[in-house]
Every structure is written in C-alpha cells, then in structure tokens.
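Here the structure comes first, spelled out in structure tokens, and everything after it is commentary.
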Amino acid sequence: IKPIAEFYANNILKPAPPAKVRRKHDPALLERVSLYQGDITKVDVDAVVNAANRSLLGGGGVDGAIHAAAGPKLYDECRELNGCSTGESKITKGYNLPARHVIHTVGPVYSTRDKEEKAEQLASCYKTSMQLAVENTIRHVAFPSISTGIYSYPIVDATRIALDTVRTFIESEEGAKIERVIFVVWSNKDKEVYESLIPEYFPPG
Ligand code: ADP
C-alpha cells in the first residue's frame, strides 16, 4: 500500500485541487497517508477501524465482514465491553485478522436534522480512534469510510470530515507517533471521491 506521495509522482492524483479548503503543503504528510481500494479485513496493519454500532456485537457491512474474518473470539471480547457511545471508540485484539487490533468506533446514523451534531460525532470517531491508536503504540491504522454505508452519511461530506480530522490529528504533537493512516474504500465511487478531495487536504505543492 503506497503513500499518496507516490500517487502524485505517478499522476494518479491530479495536483490541481479546487481551492475550497486548501491546507498547506507538507511533503512529510504525503508519506503518512494512503488510499487503498479493497477489503479492510485483508489489510495487514497494526489496527483496522471497524464501523461498529453501539452494541459492539456485530452487524452488517464492514462490521459483519470484520467479525466473520476475525472469528468468534472477537465477539466474546466485544461482549465484555458493554457497548460504546456514538462518536466514541474501543479497542480489541484482531484474532484471525492480519491486523493485530480492531478499533471499534460508532459513527452517527445520518439525518439532515442535527447536521452539526452528526458532523461532530463523525469527526470524533476518527479522532478517538487515532487517540486509542497512540495510547496503544499503534503506528499504522486503516479506516473504512465510517457511516457512509448503512448509516447513510453523504460520502462527500463524510470524506471531508475524515481527511480534515486525520490531517489535524497526525500533524499535532499528540498524533506525531502515527506513521501511516490508510483510507480503505470499497466502491469505485468512494475511491473517486477520495481522489478528488485528497489534494485539498494534502496538497502536492
Ligand atoms: P456504517 O454502518 O457506519 O454506515 P457500513 O459498514 O455500512 O458502515 O459502511 C461503511 C463503508 O464500508 C461503506 O463505504 C462500505 O461500502 C464499506 N465496506 C463494506 N465492507 C467493506 C470491507 N470489507 N472493506 C472495506 N470497506 C467495506
């Protein structure tokens, strides 16, 4: 899985971003972020993030895939956790996954009422997941596109929140120990959205 610096070098990411947000160019950050299309249960990293629900007892989408691949011991450990609030995160082992840990985070169920609150909760998912990673000396974290499946958060808005929150965290003192964040997308559409927005948040120069 290559860092986005190589995406720019190979013209996979186009360097002319729409100047809506436009964060500062920082070459070091381009080595710390990746975009990968595929199955998050196959990604060999310190931790994969699970888009869980408040029960932490499994569900559909990426949650179902992670539990199926990790095996029943993941369910047993999750049962001991007594659920998790929206916007918060909890960590378990990865069991049969190639990833050593799973960080379970609970995204908001989208609705156009309380937009502001939903956005804060989604940002909090990314932030609390990365905080847990740092606390557990996890250096490489893979995120799915939280809340954008069954929980129907609009993909463009959700991707902006993901990119903004990750950038802010990994360039903060607290996030300095995170060496790599991998955004894992499943669909072509989601991949296109990430490809179009990454240059705004991680400009090539
Ligand atoms: P939520 O309930 O938070 O909306 P979902 O699991 O329904 O979570 O969807 C989150 C995102 O994960 C969606 O973009 C979906 O396409 C994607 N997804 C589903 N299965 C996988 C997988 N195995 N690996 C990576 N992403 C996946």
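Whatever order the structure lists them in is the order used to number ligands and atoms, beginning at 1. Owing to the predicted nature of the structure, the values given are computational and were not obtained by experimental measurement.
For atom 13 (C) of ligand 1, the nearest protein heavy atom (residue, atom name, distance) is T148 OG1, 3.9 Å. Nearest non-hydrogen protein atom to atom 24 (N) of ligand 1 is I40 N, 2.9 Å. Scanning the protein for heavy atoms near atom 8 (O) of ligand 1, the closest one is A51 CB, 3.8 Å. Of all protein heavy atoms, the one lying nearest to atom 6 (O) of ligand 1 is V62 N, 2.7 Å. W186 CE3, 3.6 Å is the protein heavy atom nearest to atom 22 (C) of ligand 1.
For atom 25 (C) of ligand 1, the choice among A65, A69, G38, P144 with the nearest heavy atom turns out to be G38.
Ligand-side atoms of ligand 1 in range of G149: 4 (O), 5 (P), 7 (O), 9 (O), 10 (C), range being under 4.0 angstrom from any heavy atom. Shown in contact with G61 at under 4.0 Å from a heavy atom are these atoms of ligand 1, numbered in order with element: 6 (O). Those atoms of ligand 1 with a heavy atom of D190 less than 4.0 angstrom away are 14 (O).
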Q: Could you check R23 against E171 for salt bridge (Lys or Arg N to Asp or Glu O under 4.0 Å), going step by step and ending with a plain yes or no?
A: CA-CA 12 Å; R23 308 284 288 259; E171 68 184 348; 3.5 Å; yes
Q: Could you check D39 against K42 for salt bridge (Lys or Arg N to Asp or Glu O under 4.0 Å), going step by step and ending with a plain yes or no?
A: CA-CA 6 Å; D39 184 351; K42 302 274 161 55; 3.6 Å; yes
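R180 places no side-chain N or O within donor-acceptor distance of the main-chain N or O of I178, the cut-off being under 3.5 Å.
Between Y194 and F183, the distance separating the two ring centers is shorter than 6.0 angstrom.
Between Y126 and F143, the ring-plane angle classifies as tilted under the 30° and 60° cut-offs.
Under a 4.0 Å N-O distance rule, the pair D46/R139 does not qualify as a salt bridge.
With a heavy-atom cut-off of 4.0 Å, T41 does not touch ligand 1 at all.
I103 approaches S89 most closely through the heavy-atom pair CG2-CB, 4.0 Å. A pairwise comparison of heavy atoms in T41 and A69 identifies CB-CB, 3.8 Å as the closest pair.
Every N/O-N/O distance between I146 and ligand 1 stays at or above 3.5 Å. For the pair S145 and ligand 1, the shortest N or O to N or O distance does not fall below 3.5 Å. Residue I150 has at least one N or O atom closer than 3.5 Å to an N or O atom of ligand 1. Between S147 and ligand 1, at least one N/O pair is under 3.5 Å apart. For a threshold of 3.5 Å applied to N or O pairs, the pair formed by D39 and ligand 1 contains at least one separation below that value. Polar contact check, Y151 against ligand 1: a nitrogen or oxygen pair lies under 3.5 Å apart.
The environment of NZ in K127 is sparse: at most 12 heavy-atom neighbours from other residues, nucleotides or ligands sit within 6.0 Å.
If you check the side chains of H101 and T92, you find no donor sitting under 3.5 Å from an acceptor.
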